[in-house]
Trainee: 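Supplied in structure tokens, the structure appears directly below.
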There are 4 protein chains.
Amino acid sequence: MSETKEPWLGELLRLAEAEDPVKTVKQGKILEAAIEIFSEKGYAATSTSEIAQRAGVAEGTIFRHYKTKKDLLLSIAGPIAAKMVAPFLMREFAKIIDFPYNWVEDFFRSIAKDRLIFARQNAKLIKILLHEVPFHPELLEQLKGMLTHIVFHRIEKVVLHFQAQGQVIEAPPWRIMRSAASLFIGMIVTHVFLVPEHPFDEDEEVERTLDILMHGISPAGRNA
Amino acid sequence: MSETKEPWLGELLRLAEAEDPVKTVKQGKILEAAIEIFSEKGYAATSTSEIAQRAGVAEGTIFRHYKTKKDLLLSIAGPIAAKMVAPFLMREFAKIIDFPYNWVEDFFRSIAKDRLIFARQNAKLIKILLHEVPFHPELLEQLKGMLTHIVFHRIEKVVLHFQAQGQVIEAPPWRIMRSAASLFIGMIVTHVFLVPEHPFDEDEEVERTLDILMHGISPAGRNA
Amino acid sequence: MSETKEPWLGELLRLAEAEDPVKTVKQGKILEAAIEIFSEKGYAATSTSEIAQRAGVAEGTIFRHYKTKKDLLLSIAGPIAAKMVAPFLMREFAKIIDFPYNWVEDFFRSIAKDRLIFARQNAKLIKILLHEVPFHPELLEQLKGMLTHIVFHRIEKVVLHFQAQGQVIEAPPWRIMRSAASLFIGMIVTHVFLVPEHPFDEDEEVERTLDILMHGISPAGRNA
Amino acid sequence: MSETKEPWLGELLRLAEAEDPVKTVKQGKILEAAIEIFSEKGYAATSTSEIAQRAGVAEGTIFRHYKTKKDLLLSIAGPIAAKMVAPFLMREFAKIIDFPYNWVEDFFRSIAKDRLIFARQNAKLIKILLHEVPFHPELLEQLKGMLTHIVFHRIEKVVLHFQAQGQVIEAPPWRIMRSAASLFIGMIVTHVFLVPEHPFDEDEEVERTLDILMHGISPAGRNA
DNA sequence: TATGAATGAGTATTCATTCAT
DNA sequence: TATGAATGAATACTCATTCAT
């Protein structure tokens, strides 16, 4: 699978992997403060002066690092969008077809666990991203592009592979993917956003969700 | 199932059924305009002057009918929240256990179709509601309350009923419910919000989603 | 003393004596409410809608009776200004010189008592008048005109009369008048506005104030 | 007379003596403009935009220096209230009893002259203060507190001292004080506020007012 | 790099007043 | 006479952004 036709990749990989490009102490505080407040009240309802205050810097300092308020938002939302799809970008992901997953369950389990952990570690950033995406065309395009061109296409191949092996029913790959995504997102949203205070057995949760993804809620033919 | 202990019901039924309490022509236009713009740019990013302009009224007129901008939001978001859960409120819903659904599929199919249609007819309102809920504690409480006390409790009974009949695997009812909800919401979000322009066969979609809910994506034991 | 040269008088006497020119029940309530609120928060800080609310009438009703908000103020402040100087207008006042006061003390005592009672009965109205007078040229002119042309001139004659009799020291009459006015106003302000809740013996108060007006605070020559 | 029990003093002395705590040029212009307009039309009838215009600054600039319009008022009215009673705060005032005044007249003359000059130099500020005091409880409390705890108590001692010496008639000290205050305020109001354009011999005015305060308007016993 | 005073366009809301009912 | 919906100008205050220091 040659990546050379996808101009996305260079940019994306950089974004996804970038730790950060030389950041002042103050700049770091500004980012922290912005993430906190954006996720609490939403981008539009947050004032730069409030950010400055919580970050402990002067109002003007924000604009020395970020040309506009929107710039600040994009510098937060862009990278997190990239990181959300990062695992699907990995060079090794291409090789998934041969290795290391022999079973669909293993494949989905791996993704589910990984993204659950990721979501828990980046809850605020994800909240910001999801919230602002519909209102900022650039963000929307970026995310849509990444999801369709990178994630969708790649996973589609995996699904087709497992369908060819007879491990997955014959159905349009997008339906399989949407089902898996829905169930996992449902699980993640529940534990990370709806009832984050409620403890739970992570492995068990993933396993049970996986079971329903594979066999549904009907007992019929389970033991067959 | 006596409802007398739930103070929610009176209020909710009123909200859910209320067409509207005597509304000036201008008031109607204000509401329309507000819904349009709130759903386009979000509540916080919408100015009252823009609403007035699009509604073709003076800015002051808005405040004659709604004490504050937030009041206007709540008068939009409150009722739609009520209508979202309305079907689960119906008195007849309680009798679902005996009649008219003999099969889980029938029960879930009925809900899925109904809510899909509802979502399509109220896409903008739902978008507003979901978007603002995390930022307005009153809304959050209202919705949480409705979902847990009304929807959850009622569906739980139905699930237990079908589990007793052996139509549903033994698992905590909330897991069954979450799975169904996730899959249906995934379907609705896709068709109503992500690719609304893409036509689709509604019955087929519901049927296929239902199939996965019941039997999963594994071919194993399907014909058993 | 021919009054024909003073165009003030006709108008003033009418104002001072007028009970009220046919007043609707609602109009009465509006006036009451306006007086109450004007005296509480000042004219400029009072909104017509608040007046309407406290009066229990519709907003529009106020403007049916008073063309503007200022009109309402003037209909309150004008009459009270007239009533403040009313006693000095009385036809009989002219005859004071002959009768019924043989002693300055009697003259001042009579005025002091009368105006003290008046102030207590009209505290709110007086507060409004004094407060708004500097900001409304019409009011200022009206009051100034009344004070100089009516009150000042008349009392001046009385003072001159008592000076001729040797009951009052030789000094410009205005100084005598200002001294008396200052002392009595100090007394009235104290009891009506500063410490209205503090009870006091009215006669005693007037008598003591009068004593100081006549003989000062020095004991020298008192018994002479 | 130990002041240590009066927590007022520290605060008050600071207020009364403070020239100003580092003030931008623009801030100064804002203050000037506000004083001018507040005294012309009253606080409530003055708009911040008008102040900004007259001060030659942007409207936003006002709010950088004063959080609210009321804040601006208080920053004007607070200090002037303190300065009004400042002379009575002076440490030397306590020693008045021994020195330098041997005669009541000297004591009152000194205060009268000083406050007359002060009033003339601060006419606008005093007008603002007196006008707004009844409508702003904080101001009212501040002024009341200062007048009763500082001014009243201190002058009372002086009066008692002169009564003991036989220079002042036996009467409740507050009556003596009120009489003096009334006469002096009458004089000040006349010359500073009512007819400021009318020139007058300051010393003569004070002397004549003092004479009436001491001996009243009756000629009886004057030469005794 | 960092500050914070300054800006002026923009904000939600209130106002006195009008007018059709 | 009385109402209250409608107005649009005005209000106090906030905003993102600039710039001299």
Side-chain angles (χ1 to χ4, degrees), chain A residues 23-27 29-30 44-53 55-72, chain B residues 22-27 29-30 44-53 55-72, chain C residues 24-27 29-30 44-53 55-72, chain D residues 22-27 29-30 44-52 55-72:
Chain A
K23 236 168 39 189
T24 321
V25 181
K26 302 244 169 190
Q27 191 170 1
K29 290 199 170 177
I30 290 169
T46 299
S47 77
T48 49
S49 86
E50 196 181 351
I51 295 171
Q53 205 174 321
V57 306
E59 298 200 35
T61 307
I62 292 176
F63 293 91
R64 187 146 299 277
H65 295 288
Y66 306 92
K67 269 217 306 282
T68 64
K69 187 187 165 194
K70 183 146 194 178
D71 227 54
L72 177 54
Chain B
V22 210
K23 236 168 39 187
T24 314
V25 182
K26 305 245 168 189
Q27 191 172 359
K29 291 198 171 179
I30 290 169
T46 299
S47 77
T48 52
S49 87
E50 197 180 353
I51 296 172
Q53 206 174 321
V57 306
E59 207 168 346
T61 307
I62 293 176
F63 294 93
R64 175 155 297 277
H65 296 289
Y66 305 93
K67 274 214 303 279
T68 63
K69 187 187 162 194
K70 182 148 193 179
D71 225 52
L72 176 54
Chain C
T24 321
V25 182
K26 302 244 170 191
Q27 191 170 1
K29 289 199 173 178
I30 290 169
T46 299
S47 77
T48 49
S49 86
E50 196 180 353
I51 296 172
Q53 204 174 320
V57 306
E59 298 200 34
T61 308
I62 292 176
F63 293 91
R64 187 147 300 279
H65 295 289
Y66 305 92
K67 268 215 309 281
T68 65
K69 186 186 163 195
K70 182 145 192 178
D71 226 52
L72 176 54
Chain D
V22 209
K23 232 169 39 186
T24 315
V25 182
K26 304 245 168 189
Q27 190 170 2
K29 290 197 173 181
I30 290 168
T46 299
S47 77
T48 51
S49 86
E50 197 179 352
I51 295 172
V57 306
E59 206 168 346
T61 307
I62 293 176
F63 293 94
R64 174 155 298 277
H65 296 290
Y66 305 93
K67 274 214 303 282
T68 63
K69 187 186 161 195
K70 183 148 191 178
D71 224 53
L72 176 53

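Owing to the predicted nature of the structure, the values given are computational and were not obtained by experimental measurement.
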Trainee: What's the CD1-P distance between Ile62(B) and dA9(F), to the nearest Å?
Mentor: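 Taking atom P of dA9(F) as the reference, CD1 of Ile62(B) is at 16 Å.
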Trainee: Going by heavy atoms in the side chains, are Leu72(D) and Thr48(D) under 4.5 Å from each other?
Mentor: no
Trainee: Output yes when at least one side-chain N/O atom of Lys26(C) is less than 4.0 Å from OP1 or OP2 of dA2(F), else no.
Mentor: no
Trainee: What nucleotide among dA16(E), dT7(E), dT3(E) has an atom nearest to a side-chain atom of Ala58(A)?
Mentor: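 The answer is dT3(E), which lies nearest to the side chain.
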Trainee: Between atom CD in Gln27(D) and atom P in dG4(E), what is the gap in whole Å?
Mentor: 15 Å
Trainee: If each of Thr46(D) and Val25(B) is mapped to the nucleotide of DNA chain F with the nearest heavy atom, which maps nearer the 5' terminus, i.e. the 5' end?
Mentor: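 The answer here is Val25(B).
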Trainee: Is there a Watson-Crick or G-U wobble partner for dT7(F) with both distances under 3.5 Å, and if so, which one is it?
Mentor: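 Base partner found: dA16(E).
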Trainee: Could you tell me the separation between the CD atom of Glu59(D) and the P atom of dA10(F), rounded to a whole number of Å?
Mentor: 13 Å
Trainee: Can you tell me how far P of dT7(E) sits from CD1 of Ile30(D), to the nearest Å?
Mentor: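 Taking atom P of dT7(E) as the reference, CD1 of Ile30(D) is at 8 Å.
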Trainee: Just by modelled atom types, is the Ala58(A) backbone N or O under 3.5 Å from a matching donor or acceptor in the Lys26(A) side chain?
Mentor: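 No; zero donor-acceptor contacts below 3.5 Å.
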Trainee: Under 4.0 Å between a side-chain N or O of Thr48(C) and OP1 or OP2 of dA16(E)?
Mentor: yes
Trainee: Once you round it to whole Å, what is the distance between C1' of dC13(F) and NZ of Lys70(D)?
Mentor: 16 Å
Trainee: To the nearest Å, give me how far apart NZ (Lys23(D)) and P (dA6(E)) are.
Mentor: 13 Å
Trainee: Look at the side chain of Lys69(C) and decide which nucleotide, out of dC15(E), dT17(E), dT7(F), has an atom nearest to it.
Mentor: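 Of dC15(E), dT17(E), dT7(F), dT17(E) is nearest to the side chain of Lys69(C).
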Trainee: Please compare Gly60(D) and His65(B) by the position of their nearest nucleotide in DNA chain F and report the one closer to 5'.
Mentor: His65(B)
Trainee: Pick the closest DNA chain E nucleotide for Val57(D) and for Ala44(C) by heavy atoms, then say which residue is nearer the 5' end.
Mentor: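 That would be Val57(D).
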Trainee: Pick base, sugar-phosphate or nothing for Thr61(C), based on heavy-atom distances below 4.0 Å to the nucleic acid.
Mentor: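 Base, at least one base atom sits under 4.0 Å.
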Trainee: Would you indicate whether Gln53(C), at its atom CD, is surrounded by more than 12 heavy atoms from other residues, nucleotides or ligands within a distance under 6.0 Å?
Mentor: no
Trainee: Looking at Thr68(A), I'd like to know whether one of its side-chain N or O atoms comes within less than 4.0 Å of OP1 or OP2 on dA16(F).
Mentor: no
Trainee: Tell me: CZ of Phe63(D) to P of dG4(E), nearest whole Å?
Mentor: 22 Å
Trainee: If I take atom CD1 from residue Ile51(B) and atom CD from residue Glu59(B), how far apart are they, to the nearest 0.5 angstrom?
Mentor: 9.0 Å
Trainee: Check Lys69(B) against Ala44(B) and note the closest heavy-atom contact, atom names and distance.
Mentor: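 What the structure gives for the nearest pair is NZ-O, 3.8 Å.
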Trainee: Under 4.0 angstrom, heavy atoms only, what part of the nucleic acid is Thr24(D) near: base, sugar-phosphate, or nothing?
Mentor: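 Sugar-phosphate contact only - Thr24(D) comes under 4.0 Å of backbone atoms but never of a base.
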Trainee: Nearest whole angstrom, please: distance from the P of dA12(E) to the CD1 of Ile51(B).
Mentor: 8 Å
